[in-house]
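This report concerns only the one structure given below.
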Amino acid sequence: MPARLATQLAAFQEALARVDSEAALYELQVAYLGKKGTVTQLRGEMGKLPPEQRKGFGAEWNRVRDAIEAALEERRTYLKDQARRLDLARVEDLTLPPLRPPAGTLHPLSQTRRRLSESFQRLGFSLAVGPHVEHSKYNFDDLNVPKNHPARDMADTFFIRPHRHPGFDDHSDNDAAMRLRAGELVLRTHTSPVQVRTMLTQKPPIRIVALGTTFRCDDDATHSPMFHQIEGLYVDRGVTMADLKATLMDFTRDFYGRRLDVRFRPSFFPFVEPGAEFDIGCPFCGGDGCNLCKRTGYIEIGGCGMVHPAVFEACGIDPEVYTGWAFGFGVDRMTMSQHAVPHLRHMFEGDVRFLEQFP
Amino acid sequence: MKISHQWLSEMFAEGALDAALAAWSAEGKGAAYTRLLTGLGLEVEAVHAVGEGVRSIVVGEIRGKSPHPKADKLTVVELFDGTGVVQVVCGASNLPPLGGKVAFAPVGAVLPGGLAIAARELRGVPSQGMICSETELEIGADDSGILVLPEDWRAGDRLVDRVPGIVDTILELGVTPNRPDALGHIGVARDVGTKLGIPLRPPQVRRPDAPNTPGLVTIAATDRCGRYLGYVLEDMSVQPSPLWMRVRLHRVGLRAISNVVDVTNFVLMECGQPLHAFDRDRLVEGRVVVRRAERDEPMTTLDGTQKLLTADDLVIADASAPQALAGVMGGAQSMVHAGTHHLLLEAAWFAPPGIRATARRHGYATDSSYRFERGVDHGVGLERAALRALGLLIELAGGRCTAWTDAAGERPPQPTIALRLPRVAALLGVDVPVDTARAVLTGLEVQVREDSPEVWTCVAPTHRPDLRREVDLIEELMRFHGLDKVPARLTVPAEARAAAHSDPITELGDRLAEGLRDAGLHEHVAMAFVAESKVEFFAVPPERRVRVENPMRAAGVMRTHMLPGLLDALVHNVARHTRPVRLFEVGRTYAWPERHVPKDGPTAAIDVLLPRERAVAAALIYAGARGGGEAREITGAAVQALARVGLRARPIDPPAPVAHLHPGVQAALAVDGTVVGEAGEVHPDLVRAWDLPEGTRVFYAEIDIEAIPPRATAKARDLPRFPSTARDLSLEIPLTLSAARVVAALTAAASQRAGGKTGDEVRLATDSFGEPAIEVLEDYRGAGVPAGHRALLLRLHYAAEQRSVTDDEAQALHTSIVTAACEALRAAAPTVRPR
């Protein structure tokens, strides 16, 4: 090998051993094999050689170039491997607390309300709403609970002080407001006035749920003066109590994930006749008996029945043409049993240590 | 309502109930009753087996008494128990004389309370058993001494043989307001007999041989009193009742008083019919008038309270003054007392609404008013109850009936009801067999005329005021046939149903709640009513506050704002831990409208009378005891909530400052120029009023859900093909000038300006939403900025449509915009200048 080629090769090999990055490797490649690289330049000198030496030099030069290229490639591969190995040797502890915005929660009552509302919407019930401050006509009278009837004792009522709109004495509507007597406005004691409002506003078929805040003067370990109810109403031709039972069973399948038995016990609610309490097969044990159902296999849910003809009449619906059913139950107690909430007061205190438990 | 099994048994032929009950179910009395009655709608709330411990009690005869040698209050009694004489030490002061009879618990007996009787020594004297009191045997409420038995009882007799029915099963029934008949044993027995198929056979009664004397009773208020039966009893003596009567009353929760009062209570519990007995000698002219009271007419009821009556109260008066508040409570003057000899016994029917109004007006809730306001029997049952009482009075108090009368007022009509049998299945989805229907109606004493196989004409009995229409009878059929027989069958198959829809405001509220949850807040549910003191800081004036007449927990005002409830929750948290408190609530606030707002739709006439209820989402952030926290977190939470409903909100200068927020730390929340809410720091006065530590910084935002504009479907804009060029701007402005105003001024200046070559001028660029591309990067306060000022660092982006922009043209436009904007801002804030 010509001495100058050998010198270059040796110098390259020495430099290559010191290369520890791909960038340095590229620089080395440029220095020897680039346009102005030292080895590239030696090739230009080939023309100056006598013809008989040229062939031999050319072959030697090619061998040196190939050797350099191979060494560069080998080194490149090595460096890549090295870098990958280093990269893989990195350690980060992802069991450290995750970085995220602080976690917020929806109130357990809201979660139950939403689930109920979604379940019943899937069963074809539209959501209906009404005011919390209600007139006793809708809260009682039209629901077949006349004045001075003991059925009014079934709900201890909060009364709202009547209000006279100032400066509108000339307005006829305001005359009614002025005539408003104590005891006529109440905080709704149940969601049932929404039934009345819907039947007054809409023609059958009617298929609604009303879900919302209700009020009764009751305040102890198991009663809050403000609580929540859901109420369903279905009015059409040919609606029977058998349909009510089937619908409630369909509801249990949607809500609890399995179809549970529904049991009626005769009872009394002024706005339905026949009236019943309904129990469902215990969703916690499936009816086998557990502590939550007191070993009966059933849990009491709420009241139901066929809409009383007097209610239909008050709402301008002909009870000879249409029949209907209604049901209602408390959301708070259902929520508490679902989430095993130990005390009712937790529900309305707003303690973040309680609220954050319901992601 | 407590119902005694023994008492129920007496409403049937002897042994009939026990036999029928055992045949119906083998599960034992308590369980059988529970299933039977609950299935009939008379819910059994509890069952108590009583009297088992009395089985070992015998009649003891006192043969000797001597003082205890070591204790003044104890007596050593020689007691004959029928077989021998035992020595018993007794502490009672009412030991009868020699030969007297007492209730004796021998050694080995276990009393109802669980006390096991053993031989023991009392201060050195052996005692072989115990002489018992009523309370120890749980057969009465008198614990003042031992139970003294009639002298003619034989020593050694078992108490259970002497007092039949003392061992009993007591059912606690929850009776719904529609079933006044079930407030007496006969009514419950009628249901039980109908279900079990055994005929009702209540104790025999008979009419007196005395003359009908109409002058005894005058009904002046015939609309309020439908019927009044009066009986005169003479020469009777008021005494304690016999033991069986006292035990019976005790079993159903009443206290024995005297034979006369006990008989009226006994009949109350047996027939569900309240009776009243007057001392006739104390009635002027010995007669009564049923009339309305005079306005402010005074009266003293037998509990000793003085009442001023109203003209709507019904009274039973004698010839001069009220002697009873009809159906509610007797009067003190003519009440039965130990020396009463002559009685006027009342059995009446009063119109329910009037009784209820009077009871409520004067604050009474008596066994009597409870039944009258639900409706008692005005037919055969009324007379039956009176005659039952008469018979018992003559039996227990002696005397004879010398006169009676039956005065009539307006009795409620007995409705004739057409029962269409096919209607049963149409309503319930199940048929009731005709035989069952016939048996049920007959058992309940409904008169039935079977006009055709489909239609029966029925007349409801007077003891069932709740049976008024066809559905009421259908319910009766179903009650007895079994509501559990209703099948589960949909009327319309699921796939044929119309689609359901949600409520838009509820839907919006739910989405905002999710947004606030995602911003790291916890949902709270506060009471909708608060104390008046908690709303005084807010803009709703007192006359617009909605007030509760009968508040609880002193919370007499419906909340006008959400903030008080959230502050209460904050206080609760701060008192218990030091962590951050991030809360929100979606709910309603209440206020009377400022002026009359007309309503429309079928419910308008009612709706105009109601207060306005606003749906509001509110958020509160408190950084925790360690401090920190930025006001902008609250605007962030609100903007994030609105993003959840697809809206881009931005904080702007409040058009009118909100009183409950810090005047210098608040903003309005705007969506496309519509103000939908507010955000800021809670006013320090409120922080103080809620007793939070001085200097606590609390941030609050609320969104008026009904003000949220509808969301438009987002339309895509083409992406810029050429890059934009940015220019930074540092502006020195007074602290009171908001970034929103600076941006607005720059936007306004830019809208009138463009630069560079004609046809494709360089302009202020727009962002992905078509808004001017002005970023607010930094709010600097510190060295180099004069007092009362700050430096706002902004970045403005410039672009042309079809080309890249040059630095020179961008700079020229930027300079022109900044100059114009500063000039405009200086009109209100003269110290504004670029830095």
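Naming: A, B, ... by sequence-line order, numbering from 1 per chain.
Contact of A:Asp218 with chain B is made through the backbone alone, with heavy-atom distances under 4.5 Å. Of the atoms belonging to A:Tyr138, it is side-chain heavy atoms, and not backbone ones, that fall under 4.5 Å from chain B. A:Arg263 does not touch chain B: none of its heavy atoms, backbone or side chain, sits under 4.5 Å away. For A:Ala310, the parts lying under 4.5 angstrom from a heavy atom of chain B are both the backbone and the side chain. Residue B:His522 touches chain A through both its backbone and its side chain, counting heavy-atom pairs closer than 4.5 Å. With a 4.5 angstrom heavy-atom cutoff, A:Leu187 touches chain B only via side-chain atoms. The part of B:Arg497 that comes within reach of chain A is its side chain, from C-beta onward, which places non-hydrogen atoms under 4.5 angstrom from that chain. Both the backbone and the side chain of A:Glu320 have a heavy atom closer than 4.5 Å to some heavy atom of chain B. Residue B:Leu40 touches chain A through its backbone alone, counting heavy-atom pairs closer than 4.5 Å. Of the atoms belonging to A:Val129, it is side-chain heavy atoms, and not backbone ones, that fall under 4.5 Å from chain B. In this structure, no portion of B:Val586 lies under 4.5 Å from any heavy atom of chain A. Using a 4.5 Å cut-off between heavy atoms, A:Phe120 makes no contact with chain B at all. Using a 4.5 Å cut-off between heavy atoms, B:Thr506 contacts chain A through its side chain alone, with no backbone atom that close. For chain A, the nearby parts of B:Asn550 are the backbone and the side chain; heavy atoms of each come within less than 4.5 Å. When heavy atoms are compared at a cutoff of 4.5 Å, A:Tyr234 approaches chain B solely by way of its side chain, counted from C-beta outward.
At a threshold of 4.5 Å between non-hydrogen side-chain atoms, the residues A:His228 and A:Thr213 count as touching. Side chains of A:Asp261 and A:Met249 form a contact here, defined as non-hydrogen atoms less than 4.5 Å apart.
Between chain A and the residues B:Asp503, B:Val525, B:Asp484, the most heavy-atom pairs under 4.5 angstrom are made by B:Val525. Interface check for chain B: of the options A:Gly316, A:Gly275, A:Gly305, the most heavy-atom pairs under 4.5 Å are formed by A:Gly275. Counting heavy-atom pairs closer than 4.5 Å to chain B, the top residue among A:Leu109, A:Leu200, A:Val133, A:Thr323 is A:Val133.
Proximity of a side-chain donor or acceptor of B:Ser369 to a complementary backbone N or O of B:Ala365 within less than 3.5 Å is not detected.
Ion pair A:Arg188/B:Glu613 not flagged as a salt bridge, since none of the NZ, NE, NH1 or NH2 atoms sits closer than 4.0 Å to an Asp/Glu carboxylate oxygen.
How far NZ of B:Lys195 is from CG of B:Leu37: 10.5 Å, rounded to the nearest 0.5 Å. Here the straight-line distance linking atom NE2 of A:His132 with atom CE of B:Met558 works out to 8.0 Å at 0.5 Å rounding.
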Handout entry: Pair A:Glu134-A:Arg197, salt bridge (Lys or Arg N to Asp or Glu O under 4.0 Å): steps then yes or no
Key = CA-CA 11 Å; A:Glu134 188 53 279; A:Arg197 289 175 169 275; 2.8 Å; yes

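Both tests pass for B:Arg374 against the ring of B:Tyr370: distance under 6.0 Å to the centre and angle within 45° of the axis. Note that A:Arg237 lies in the cation-pi zone of A:Tyr322, set by a 6.0 Å cut-off to the ring centre and a 45° limit from the axis.
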